[in-house]
Amino acid sequence: MLPRELFRNEPDRIRRMLRDRHTEADLDRLLEVDGAWREVLVRVEELKARRNVGSKEIGALFKAGERREAEGRKAEMAALGEEIKALEAEASALEAELAALELTIPNLFDESVPVGTDESDNRVERSWGEPPDFGFEPKAHWDLGPELGILDFERAAKIAGARFAVLRGAGAALERALISYMLDLHTGKHGYTEVLTPYLVSSESLRGTGQLPKFEDDLFKIEGRDLYLIPTAEVPVTNLHREEVLAEEQLPTRYCAFTPCFRAEAGSYGKDVRGLIRQHQFHKVELVQLVHPERSWEALEKLTGHAEAVLRGLGLPYRVVTLCSGDLGFSSAKTYDLEVWLPGQNRYREISSCSNFLDFQARRARIRFKPSGGGKARLVHTLNGSGLAIGRTLVAVLESYQQADGSVLVPEVLRPYMGGLERISPEAEG
RNA sequence: GGAGGGGUGGCCGAGUGGUCGAAGGCGGCGGUCUUGAAAACCGCUGAGGCGCCAGCCUCCAUGGGUUCGAAUCCCAUCCCCUCCGCCA
């Protein structure tokens, strides 16, 4: 959510942003409603001031024993009350519409964000590692995994339908190893506090981070209740401090969380239908930071580095891109995507998304801090990034570490988490 | 699921139709004292909105209602706690 003064004072700036994001929002209606609301509000408040004075006088008359005089004033006040009630209904309807409209306006993006239409306009910042030369035709994980007996899409479809997977044996262990490796790295080396949160959240939490009201179709909702499966740990973790005033000393607050994520993926029919890339359920280790508003840009660079460290540790080649205006998420002011090299697809694929939201989420979720030098509570800045998406990391490991004989080497850093296992072979599976 | 109890400022906690935006305490800020600190003492200290200002209006879980007037009375909803039931 953007501050109201911005709509009032710089509507053209908002309009430009909407155009560059290739997004529609009814800014004109918003401005109109805002003006009307303020007009009615002034009138309501005038009447209320009169009522407050009148009521006090009646109270004083009763106390002075002037019963008749007091009773006489009541009718007049009652009429005023009716007038207030009607006008107030008008005001609150306008305010509700204004509040609803505000929630549909995306964040302003930073100057350093390239203006563009879609992912082809994203800017490559840097890359690390070289796509390996196998000396044979590398397989895609959807062939490799089932052949090794560690991945089963058919049985997953039987029990839950399309876009689910079953991991088995060393595959399940590899998933678990990746989770532990990432959590240990972020808590041990990068200064994050691990949290384990609910996987179901209320609509208010989803509004706080910006998934609602605009992206309801992407979510799984529990029927008959105000509960949704989380699409990312960003939602429960950022909302940990919703409606709180933190001490400045608590900043920066850094959390990492392992959670499953659930996405309805509406409108993605025909996209990535094979394999683990796009699933209704996947695992992710998420990094979330609440920081001082003057530190969020440096925090974004550091946070991105923390996600990169995971890929480096695993020896997986990747590149960093800055999302262009048209590809940027609703709440984000700037996003770096980490794209890992997938030999089976012969291309880079998104494996992490690291964003600075500035005060956009903090304003929605009312997350503030009290400056240590005194003064009013200020909004914090929030950031988050995947560190990393586990399923896609598993894909990258399988495809990058595959051998000519169809086996897969276990990356050095994961072996301690897999009982010292060095290689996943078909024979090893019963 | 059943029966009770309860949601008040950054935190704890009092309040019961009108001078209550709310006692008291803690915390925070400033001061006195001190070489410095602690202690003690004194003072200040909630948030949001509208308005050019003066100022006005909201806010005691949320939403309705009663009333000239609601933190206070009534209804509904949500959440928390205790006990019982059930369960991992």
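Just so you know, these numbers use all the heavy atoms, side chains as well, and skip hydrogens, waters and symmetry mates.
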Inset, instruction - Round to a whole Å and report the spacing from CD of A:E5 to P of B:G51. - result: 11 Å
Legend entry - Note: A:E154-A:K158 ion pair, threshold 4.0 Å (strictly below): no
Legend entry - Given A:E286, A:E194, A:H241, A:H186, the one that forms side-chain hydrogen bond (donor to acceptor under 3.5 Å, both in side chains) with A:Y255: A:H241
Inset, instruction - Would you indicate, yes or no, if B:G49 has its OP1 or OP2 atom less than 4.0 angstrom from a side-chain nitrogen or oxygen of A:R8? - result: no
Legend entry - Intra- and inter-strand pairs of RNA chain B in dot-bracket (Watson-Crick or G-U wobble, both distances under 3.5 Å; | for another strand): ((((((((.[[[..)..(.....]]]((((((.......))))))(((((....))))).[[[[[..)....]]]]])))))))....
Legend entry - For atom NZ of A:K74 and atom P of B:U66, their distance in whole Å: 15 Å
Legend entry - Electrostatic pair A:D327-A:R21, nearest N-O below 4.0 angstrom: no
Inset, instruction - Let me know the distance between CG of A:L379 and P of B:A47, rounded to the nearest Å. - result: 14 Å
N/O-N/O pairs, protein side and nucleotides 21-23 of chain B side, under 3.5 Å:
none

Inset, instruction - Take atom NZ of A:K370 and atom P of B:G46, then tell me their distance rounded to the nearest Å. - result: 9 Å
Legend entry - A:F258/A:H283 aromatic ring centres below 6.0 Å: yes
Inset, instruction - Would you mind checking if A:R263 and A:E265 are paired as a salt bridge, meaning a charged N to carboxylate O distance below 4.0 Å? - result: no
Legend entry - Footprint string (nucleotides 56-62 of chain B, 5' to 3'): B base within contact, S backbone only, - free, heavy atoms under 4.0 Å: BBS----
Inset, instruction - Between B:C56 and B:G17, how far apart are the C1' atoms? Round to whole Å, please. - result: 24 Å
Legend entry - Set of salt bridge (charged side-chain N to carboxylate O under 4.0 Å, His left out) partners for A:E294, sequence neighbours left out: A:R378
Inset, instruction - Tell me whether the centres of the aromatic rings in A:Y228 and A:F220 are closer together than 6.0 Å. - result: no
Legend entry - Whole-Å C1' distance, B:U32 and B:G69: 45 Å
Show every donor-acceptor pair shorter than 3.5 Å between a side-chain atom in residues 77-92 of chain A and any protein atom, with sequence neighbours excluded, or say none if there are none.
from  : atom 1 : to    : atom 2 : distance (Å)
A:E88 : OE2    : A:K48 : NZ     : 2.4
A:S92 : OG     : A:E88 : O      : 3.4
A:S92 : OG     : A:A89 : O      : 3.3

Inset, instruction - Considering only atom P, compute the distance from B:U34 to B:C29 and round it to an integer number of Å. - result: 22 Å
Inset, instruction - Determine the contact category for A:I58: base if any of its heavy atoms lies under 4.0 Å from a base atom, sugar-phosphate if only primed atoms, P, OP1 or OP2 are that close, otherwise nothing. - result: base
Legend entry - Listed once per pair and sorted, the ring-ring contact (aromatic ring centres under 6.0 Å, His included) pairs that draw on residues 57-112 of chain A, sequence neighbours left out: none
Legend entry - Distance, C1' atom - from B:U45 to B:G25, rounded to whole angstrom: 14 Å
Inset, instruction - Tell me which nucleotide among B:C68, B:G48, B:G10 gets nearest to the side chain of A:V245. - result: B:G10
Legend entry - Distance, C1' atom - from B:G9 to B:G24, rounded to whole angstrom: 13 Å
Inset, instruction - Please state the C1' separation for the pair B:U8 and B:C60 - nearest whole angstrom. - result: 4 Å
Inset, instruction - Using the C1' atoms only, state how far B:G64 lies from B:A3, rounded to an integer number of Å. - result: 27 Å
Inset, instruction - Identify whether any heavy atom of A:R366 sits under 4.0 Å from a base atom; if not, whether one sits that close to sugar-phosphate; answer base, sugar-phosphate or nothing. - result: nothing
Legend entry - B:G51 phosphate, OP1 or OP2, under 4.0 Å from A:R38 side-chain N/O: yes
Inset, instruction - Can you tell me the distance, in whole Å, between the CZ atom of A:R378 and the P atom of B:G10? - result: 18 Å
Legend entry - Working for side chain to side chain contact (heavy atoms under 4.5 Å, CB included), residues A:V166 and A:L151: CA-CA 6 Å; A:V166 171; A:L151 248 181; over 6 Å; no
Inset, instruction - Output yes when at least one side-chain N/O atom of A:K85 is less than 4.0 Å from OP1 or OP2 of B:U66, else no. - result: yes
Inset, instruction - Take A:W37 and A:A78, find for each the nucleotide of RNA chain B with the closest heavy atom, and name the residue whose nucleotide sits nearer the 5' end. - result: A:W37
Legend entry - Whole-Å gap separating C1' (B:G49) and CD (A:E102): 12 Å
Inset, instruction - Give the rounded distance in Å between these two atoms: CD of A:E88 and P of B:G69. - result: 12 Å
Legend entry - Gap in Å between the two P atoms, one belonging to B:C26 and one to B:A39, rounded: 11 Å
Inset, instruction - Examine A:H381 together with A:F360 and report whether their ring centres are nearer than 6.0 Å. - result: no
Inset, instruction - Calculate the interatomic distance between A:M1 atom CE and B:G49 atom C1'; express it in whole Å. - result: 13 Å
Legend entry - Lys/Arg cation over aromatic A:W37: A:R8, 6.0 Å, 45° cone: no
Legend entry - Check: A:R242/A:S205 side-chain N/O donor and acceptor closer than 3.5 Å: yes
